[in-house]
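Written out below as structure tokens is the structure these notes cover.
Only a predicted model underlies this, so the values are computations on that prediction, with no experimental measurement involved.
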Amino acid sequence: MSTPEPESIPAARSYEAVLTSIEVELREGRLKVGDQLPGERALALKHGISRASVRDAIRVLDSMGVVRTGVGSGPQSGTVVIANPSAGLASALRLHMATNHFPVADIVQTRVMLESWAALEAAAHPRTVEQESSLRGALEAMNAPGLGREEFHVLDAAFHVQLSSLAGNAVVTAMMESLRSAIQGYVSAAIDSDETWAAMVPSLREQHEAIIEAVLANDGSSAARALKDHIEWFHAQTVSATPPPATQEEPAP
């Protein structure tokens with residue numbers, strides 16, 4: 001009886017050497033946010049790879065929100081280390097949602113878990129006058145008469161991220177930014193009727209008010225419950241507003 005051949009291990013791509021090296025240098029503090037990376041030629045010589053592979057690595061880091069590339073001279077030119085984790089997360093989420101690997105319903109459920117916890121924590125954390133004023137300002141902006149649907153979605157996204165940031169957890173804030181960015185386009189596309197949208201807006205405004213009042217009253221359980229109800233209600237409206245897929249008629253015999 002023959003022994004099955006072991007599965008071959010995929011060869012590491014050349015640019016991964018650059019990614020690994022930069023990860024190590026960031027972790028050890030030899031590289032930090034604001035620093036410039038060496039030029040393509042220096043990185044190619046250091047890792048024994050082609051400049052094309054270095055460019056591949058830079059593109060990956062750029063898409064992940066780890067570096068920013070710029071032209072010209074000075075401190076903002078070249079490839080500079082930044083920290084924008086939500087950019088990479090949002091891009092990945094949008095692409096995987098497009099492949100239907102991440103169903104919208106699952107992302108909504110994840111939002112419920114994250115935002116409910118964040119609301120609970122936000123209500124317990126001390127807040128500055130500026131933070132409370134900013135939250136109320138976000139509500140006032142969404143309550144403006146004649147506000148368009150897309151403008152409302154943008155303000156709504158900022159409101160949820162801002163509220164979650166009060167929990168004081170940088171990872172949750174980054175995840176919230178990416179989740180909101182990933183789902184915003186799908187929510188917007190799901191409601192294409194101005195009449196349907198106009199009927200939803202009063203409820204959305206009331207729900208936002210209830211969430212903020214609970215947070216500012218330091219009532220974490222009420223804030224978490226109000227946020228969960230708000231997210232689930234909004235998702236239910238978008239699902240019901242989406243027409244079912246067309247079915248092909250059976251050919252006549």
Side-chain angles (χ1 to χ4, degrees), residues 2-111 113-115 117-118 157 160-161 164-165 167-186:
S2 60
T3 303
E5 291 290 330
E7 293 185 5
S8 60
I9 301 175
R13 287 164 287 199
S14 297
Y15 69 80
E16 290 179 348
V18 179
L19 303 184
T20 301
S21 174
I22 289 174
E23 178 185 351
V24 170
E25 291 187 34
L26 285 167
R27 190 168 57 240
E28 294 180 351
R30 290 182 283 121
L31 193 63
K32 59 184 183 299
V33 172
D35 288 349
Q36 284 184 326
L37 295 185
E40 286 182 5
R41 182 177 181 182
L43 287 172
L45 289 172
K46 177 181 178 180
H47 297 288
I49 59 178
S50 68
R51 294 180 67 170
S53 294
V54 171
R55 284 191 290 272
D56 286 341
I58 298 303
R59 280 193 288 267
V60 170
L61 291 169
D62 194 349
S63 67
M64 293 169 64
V66 178
V67 302
R68 181 196 67 242
T69 57
V71 298
S73 59
Q76 300 301 315
S77 64
T79 304
V80 180
V81 178
I82 62 172
N84 186 16
S86 63
L89 290 171
S91 297
L93 282 169
R94 281 196 300 269
L95 287 169
H96 285 294
M97 286 176 67
T99 65
N100 294 320
H101 184 68
F102 288 156
V104 174
D106 288 359
I107 291 189
V108 169
Q109 187 179 46
T110 302
R111 281 191 58 207
M113 291 187 291
L114 287 175
E115 293 196 56
W117 174 88
H160 281 265
V161 173
S164 296
S165 70
N169 187 305
V171 176
V172 168
T173 301
M175 293 179 70
M176 269 304 306
E177 289 176 344
S178 63
L179 283 170
R180 289 292 299 175
S181 175
I183 205 170
Q184 182 175 326
Y186 290 81

In a table with atom names and distances, give each donor-acceptor pair under 3.5 Å that connects a side chain of residues 37-46 to protein atoms at least two apart or in another chain.
residue	atom	partner	partner atom	Å
Glu40	OE1	Arg55	NH1	2.9
Lys46	NZ	Glu25	OE2	2.9

In this structure, CG of Leu179 is separated from CD of Glu115 (nearest 0.5 Å) by 8.0 Å
Those residues at least two apart in sequence (or on a different chain) that pass side chain to side chain contact (heavy atoms under 4.5 Å, CB included) with Ala17 are His47
dist Ile22:CD1 -> Arg30:CZ (nearest 0.5 Å) comes out at 11.5 Å
Note: Val81 and Lys32 closest approach over all heavy atoms is CB-O, 3.6 Å
Sorted by chain and number, sequence neighbours left out, side-chain hydrogen bond (donor to acceptor under 3.5 Å, both in side chains) with Gln109 holds for none
Asp106 meets the salt bridge (Lys or Arg N to Asp or Glu O under 4.0 Å) criterion, sequence neighbours left out, with none
Nearest heavy-atom contact between Ala57 and Val18 is CB-CB, 3.7 Å
OG (Ser165) and CD (Glu177) are apart, to the nearest 0.5 Å, by 8.5 Å
One should read off an interatomic distance between Met175 CE and Asn169 CG, to the nearest 0.5 angstrom, of 9.5 Å
Of all heavy-atom pairs linking Ile58 and Val67, the shortest is O-CG2, 3.9 Å
Sorted by chain and number, sequence neighbours left out, side-chain hydrogen bond (donor to acceptor under 3.5 Å, both in side chains) with Ser53 holds for Ser50
Sorted by chain and residue number, the side-chain hydrogen bond (donor to acceptor under 3.5 Å, both in side chains) partners of Asp56 (sequence neighbours excluded) come out as Arg59
Thr20 meets the side-chain hydrogen bond (donor to acceptor under 3.5 Å, both in side chains) criterion, sequence neighbours left out, with none
Note: Ala167 and Ala118 closest approach over all heavy atoms is CB-O, 3.7 Å
Interatomic distance, CG@Asn84 vs CG@Leu89, rounded to 0.5 Å, equals 9.5 Å
**Request:** Measure from the side-chain N and O atoms of Ser63 to the backbone N and O of Val60, and report whether any donor-acceptor pair falls under 3.5 Å.
**Result:** yes
When every non-hydrogen atom of Val33 is compared with those of Ala83, the smallest separation belongs to CG2-CB, 4.0 Å
